[in-house]
Peer 1: 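What follows is a structure written as structure tokens; I'll ask about it next.
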Amino acid sequence: MPPSEEYVESVLSLVEQIPPGRVMSYGAIADWVGRGGPRQVGAVMALYGGGVAWWRVVRADGTLPDSHTGRAREAYLEEGTPMRGALADRPRVDIRRAAWFPDAS
DNA sequence: GGTGTGACGCAGG
DNA sequence: CCCTGCGCCACAC
């Protein structure tokens, strides 16, 4: 069984609010929606994240899933997302500068 | 009930 | 920087 429709909606709608150049971690999203955990958020993104800015959802340490690092780099360059080692083969978002929360614009 | 599995998180070594 | 181990939530077997 896939996650409930409401849960999927609450997660995706939150992801859609993340401004360009900013990111949220799986755990932060889970805390904000108040249901499930980081792994549930990850499951939602894996199944239904294709329609949103999935590259703005990263791990708490700023890294991304290996399969997405390559495709995300171009988006990061365009949006000017703060990164560490932008030119390295393993790009890493500077989570401390790029982290975003709904109430903090 | 028990076990395994994840687009995870965090503390240790 | 690397690798482990354990906690975590929900689900499938």
Side-chain angles (χ1 to χ4, degrees):
Chain A
M1 285 284 284
S4 73
E5 184 78 21
E6 313 172 55
Y7 187 68
V8 173
E9 258 310 304
S10 58
V11 170
L12 294 185
S13 62
L14 178 54
V15 172
E16 286 172 7
Q17 296 176 41
I18 306 175
R22 311 296 295 282
V23 299
M24 278 188 84
S25 71
Y26 295 93
I29 293 171
D31 288 340
W32 191 261
V33 302
R35 278 182 290 166
R39 320 208 64 141
Q40 272 40 254
V41 175
V44 170
M45 292 305 290
L47 293 171
Y48 310 97
V52 297
W54 49 265
W55 60 89
R56 295 181 195 150
V57 182
V58 302
R59 295 197 185 110
D61 64 356
T63 60
L64 286 101
D66 299 353
S67 47
H68 294 170
T69 55
R71 292 239 90 44
R73 178 172 50 216
E74 191 150 335
Y76 289 151
L77 288 175
E78 268 184 60
E79 301 184 354
T81 306
M83 308 199 339
R84 299 182 3 148
L87 303 176
D89 49 335
R90 190 95 168 95
R92 189 170 170 306
V93 173
D94 189 341
I95 191 67
R96 302 222 275 205
R97 288 194 291 161
W100 177 85
F101 292 87
D103 47 357
S105 73

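Here is the naming used below: chain letters follow the sequence lines, and residue numbers restart at 1 for every chain.
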Peer 1: Write down the atom of A:Pro102, the atom of A:Met24, and the distance for their closest heavy-atom approach.
Peer 2: CD-CE, 4.3 Å
Peer 1: With 3.5 Å as the limit, what N/O pairs link the protein to nucleotides 11-13 of chain B?
Peer 2:
none

Peer 1: Within residues 14-38 of chain A, which residues have any heavy atom lying less than 4.0 Å from an atom of DNA chain B?
Peer 2: A:Ser25, A:Tyr26, A:Gly27, A:Pro38
Peer 1: For A:Ile95, what residues pass the side chain to side chain contact (heavy atoms under 4.5 Å, CB included) criterion, not counting sequence neighbours?
Peer 2: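 With sequence neighbours excluded, A:Ile95 shows a side chain to side chain contact (heavy atoms under 4.5 Å, CB included) to A:Val23, A:Val58, A:Ala99, given in chain and number order.
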Peer 1: With sequence neighbours left out, which residue pairs that include part of residues 94-105 of chain A fulfil the salt bridge (Lys or Arg N to Asp or Glu O under 4.0 Å) condition?
Peer 2: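 Every salt bridge (Lys or Arg N to Asp or Glu O under 4.0 Å) pair that includes a residue of residues 94-105 of chain A, provided the two are not neighbours, is A:Asp94-A:Arg97.
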Peer 1: Side-chain heavy atoms nearer than 4.5 Å, only ILVMFWY residues, links allowed to pass through others: does that put A:Leu47 and A:Val11 together?
Peer 2: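 A:Leu47 clusters together with A:Val11.
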Peer 1: Can you list every salt bridge (Lys or Arg N to Asp or Glu O under 4.0 Å) pair that touches residues 57-69 of chain A, not counting sequence neighbours?
Peer 2: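 Listed by first then second residue: A:Asp66-A:Arg90.
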Peer 1: List, with names and distances, any nitrogen or oxygen atoms from the protein found under 3.5 Å away from nitrogen or oxygen atoms belonging to nucleotides 3-6 of chain B.
Peer 2:
| from | atom 1 | to | atom 2 | distance (Å) |
| --- | --- | --- | --- | --- |
| B:dG6 | N9 | A:Arg39 | NH2 | 3.1 |
| B:dG6 | N7 | A:Arg39 | NH2 | 3.1 |
| B:dG6 | N3 | A:Arg39 | NE | 3.4 |

Peer 1: Which residues pass the side chain to side chain contact (heavy atoms under 4.5 Å, CB included) test with A:Leu12, sequence neighbours left out?
Peer 2: A:Val8, A:Val44, A:Met45, A:Tyr48, A:Val52
Peer 1: Using the side-chain hydrogen bond (donor to acceptor under 3.5 Å, both in side chains) rule, collect all pairs that involve residues 77-88 of chain A, keeping only residues at least two apart or in two chains.
Peer 2: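 Matches after skipping sequence neighbours: A:Trp55-A:Glu79, A:Arg56-A:Glu79.
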Peer 1: Where do A:Pro38 and A:Gly27 come nearest, in terms of heavy atoms and distance?
Peer 2: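 Looking at all heavy atoms of both residues, the shortest contact is CG-CA, 3.8 Å.
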Peer 1: Mind checking side chain to side chain contact (heavy atoms under 4.5 Å, CB included) for A:Arg39 and listing every partner two or more places apart, or none if nothing turns up?
Peer 2: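 Side chain to side chain contact (heavy atoms under 4.5 Å, CB included) list for A:Arg39, sorted by chain: empty.
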Peer 1: Using a cut-off of 4.0 Å on non-hydrogen atoms, how would the nucleic acid contact of A:Ala60 be classed: base, sugar-phosphate, or nothing?
Peer 2: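 A:Ala60: backbone/sugar contact only, no base atoms under 4.0 Å.
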Peer 1: Testing the basics here: between A:Tyr26 and A:Pro65, what is the closest heavy-atom pair and its distance to 0.1 Å?
Peer 2: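 Answer, listing the atom of A:Tyr26 first, then A:Pro65: OH-CG, 4.1 Å.
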Peer 1: Which residue pairs pass the side-chain hydrogen bond (donor to acceptor under 3.5 Å, both in side chains) test with at least one member in residues 5-22 of chain A, sequence neighbours excluded?
Peer 2: none
Peer 1: Are the side chains of A:Trp100 and A:Pro19 in touch, meaning some heavy atoms are under 4.5 Å apart?
Peer 2: yes
Peer 1: Atom CG of A:Asp66 to atom C1' of B:dC8: distance rounded to whole Å?
Peer 2: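 Roughly 14 Å, once rounded to whole Å.
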Peer 1: Using a heavy-atom distance cut-off of less than 4.0 Å, which residues of residues 67-94 of chain A contact DNA chain C?
Peer 2: none
Peer 1: Quick one: closest heavy-atom pair of A:Pro82 and A:Ala98, and the distance?
Peer 2: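 In terms of heavy atoms, the two residues are closest at CD-CB, 3.9 Å.
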